Amino acid sequence: MSISIENKTRSYSKEEEKTFQKYLKKAMDLLISKDYVDDRIRTSGAEVSVDVRFVGTEGIRKLNAEHRGKDAVTDVLSFPVLDMTDGNLSSDLMPYDFSYSEKGKKILPIGDIVICPERARKQASEYGHSMDREMLFLAVHSLLHLLGFDHENGRDEELMFSKQEEIMVGIGLPRDPSAPERKMTSGKEEKTASSDEHPVGEMLPHCGYCALVGRPNVGKSTLLNTISGMKLAIVSHKPQTTRNNIQAIYNRDDAQVIFVDTPGIHKPQSKLSEFMVDSSFRAAKGADVVVLMADGRFSKPANVEIKAAEMAKKLKKPIILAVNKADAVTKESLLPLIANYSKIADFEAIVPISALKDDGVDELMNVIISYLPSQPRYFPIEEVTDQSEREISAELIREQILHYTNEEIPHGTAVEIDAFEEELKEDAVDSYDRSLIKIHASIICERDSHKSILLGKNGQMIKRIGTAARQNIEKMCDCKVFLDLHVKVRKDWKNRQVFLDEFGYTKKDD
Ligand code: GDP
Ligand code: MG
């Protein structure tokens with residue numbers, strides 16, 4: 001069960017919020033474990049999540065007016081995500097019902113709850129019970145709404161109220177003011193994962209997420225490849241986090257750094273680039289530290305870089321400036337750059353590097369690691385990837401398209417794997433003992449002119465893309481690969497949600 005709380009009002013203290021969260025978690029556990037919800041939810045393997053927002057009277061009045069056409073202050077509003085009646089789903093859960101946390105956990109968001117604490121406080125005093133009780137009453141009431149219980153029609157009213165009371169009793173906050181209020185055990189008995197794995201006294205490694213942001217072409221991918229040492233050995237593509245953010249997991253004895261390579265920060269122009277901007281921001285949000293990579297040959301920060309610095313500041317993340325391509329410029333010429341960039345952020349450190357020549361990279365890593373918390377590794381050291389070879393193959397093809405076509409085909413392509421057929425060796429002992437993989441893939445582009453660029457003169461371009469991609473896929477799969485590429489034009493696919501869904505660019509919220 002996960003709950004995220006956003007407090008937009010000062011009328012509810014942090015302390016109260018903490019108590020609220022504890023009780024609400026208990027209430028949700030009860031709801032899920034008892035017969036209130038559909039088995040399909042319980043067996044989905046996902047963590048049920050709700051977003052709770054506290055707003056002021058004006059805020060809730062607006063929401064009430066917008067969503068229910070009632071221009072009045074109210075105590076609570078529910079915004080369900082799933083279509084449910086009395087705890088039962090009206091249809092099977094679909095892949096798009098789920099989202100994934102930064103750490104890859106499967107999550108089932110069931111909706112949003114908006115509460116007005118100011119209003120609740122008034123009601124609490126009217127009813128003569130505690131604020132905690134009133135707030136939880138409203139939250140549980142709202143949770144039941146999210147699960148499809150309703151009181152607007154007479155029949156269900158009783159059912160809803162009886163369930164609600166059951167839960168309030170279950171969590172130790174019965175509505176009857178004369179009943180004693182049980183104290184929570186403040187979660188002391190909860191064992192953390194780390195207490196099992198790491199006995200007290202043992203040093204924990206520095207582990208965490210690092211968002212690598214920067215304009216296209218500054219050398220982010222090059223850095224990741226350099227860090228990974230062997231391409232693909234530890235570069236792991238994680239569709240869960242943000243599908244397009246290729247992650248590299250860097251392990252050393254005392255540290256684990258999970259890199260989120262962002263597709264660059266662009267001005268939103270189409271749905272796709274909106275998604276990409278968004279994914280950069282989401283990457284930064286979930287990160288422990290942000291690295292802004294600049295190109296040493298530039299002297300002034302671009303708008304998007306200023307934005308990135310602002311974003312890091314807003315999210316209160318430490319930000320490090322990596323000035324790449326130091327090999328291509330003189331030391332002196334870096335000085336004005338450093339002076340100009342220093343104006344846009346309070347960088348924790350400014351490290352000139354050459355990702356290509358592996359210069360200064362160790363130093364950069366040390367700085368990054370110094371900002372990561374001591375905690376158990378997120379991923380086992382031996383983990384290579386948790387994305388299917390099929391998906392990575394598509395990414396590898398796309399990588400070569402971007403590589404060979406430069407800016408001519410600006411993010412206007414998607415790759416679809418039409419077939420991925422494995423042939424096993426005659427004496428194969430397991431399913432990885434393959435002699436050949438046949439891959440048929442389509443490159444989807446927007447315009448006929450793009451198609452001709454992708455094909456190139458006499459098909460030279462597509463051949464080059466295919467050869468380079470095939471070599472990388474062979475490295476990954478450790479067997480021979482036959483790669484058949486086709487170019488298809490689908491006009492305006494970037495703006496059509498169905499296509500975006502089809503190619504996996506659908507937004508996933510944390
Ligand atoms: P990304 O778009 O930020 O991922 O950039 P890439 O990693 O794809 O690199 C863009 C271009 O810059 C490629 O041609 C790289 O070879 C080149 N590049 C990357 N790092 C360096 C570097 O340290 N020095 C030089 N001279 N070129 C680099
Ligand atoms: Mg790149």
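Whatever order the structure lists ligands and atoms in, that order sets their numbers, starting from 1. What you see is a predicted model, and the numbers here were worked out from it, not measured in a lab.
One option in L402, N217, L356 has a heavy atom closer to atom 21 (C) of ligand 1 than any other, and that option is L356.
Here is the list of ligand 1 atoms found below 4.0 Å of a heavy atom in D327: 22 (C), 23 (O), 24 (N), 25 (C), 26 (N). With ligand atoms numbered from 1 in the order given, ligand 1 contributes 3 (O), 5 (O) to contacts under 4.0 Å with heavy atoms of V218. Of all the atoms in ligand 1, the ones that sit under 4.0 Å from a non-hydrogen atom of T222 are 6 (P), 7 (O), 9 (O), 15 (C), 19 (C), 20 (N). Heavy-atom contacts of K220 reach the following atoms of ligand 1: 1 (P), 2 (O), 3 (O), 4 (O), 5 (O), 7 (O) (cutoff under 4.0 Å).
Side-chain contact, D448 with H450: no donor N or O sits under 3.5 Å from an acceptor N or O. Side-chain contact annotation: S354 with D359, donor-acceptor N/O pair under 3.5 Å absent.
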Worked verdict on S442 versus D418 for side chain to side chain donor-acceptor pair (under 3.5 Å): CA-CA 7 Å; S442 304; D418 304 312; 2.5 Å; yes
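Taking any N or O of A355, backbone or side chain, at least one lies under 3.5 Å from an N or O belonging to ligand 1. Inclusion of G219 in the set of residues having an N or O under 3.5 Å from an N or O of ligand 1 is warranted.
Ion pair E310/K314 not flagged as a salt bridge, since none of the NZ, NE, NH1 or NH2 atoms sits closer than 4.0 Å to an Asp/Glu carboxylate oxygen.
A side-chain hydrogen bond (donor to acceptor under 3.5 Å, both in side chains) with N7 holds for exactly one of K14, R53, E17; it is E17.
Aromatic rings of F259 and Y209 (six-membered ring for Trp) have centroids beyond the 6.0 Å cut-off, not under it.
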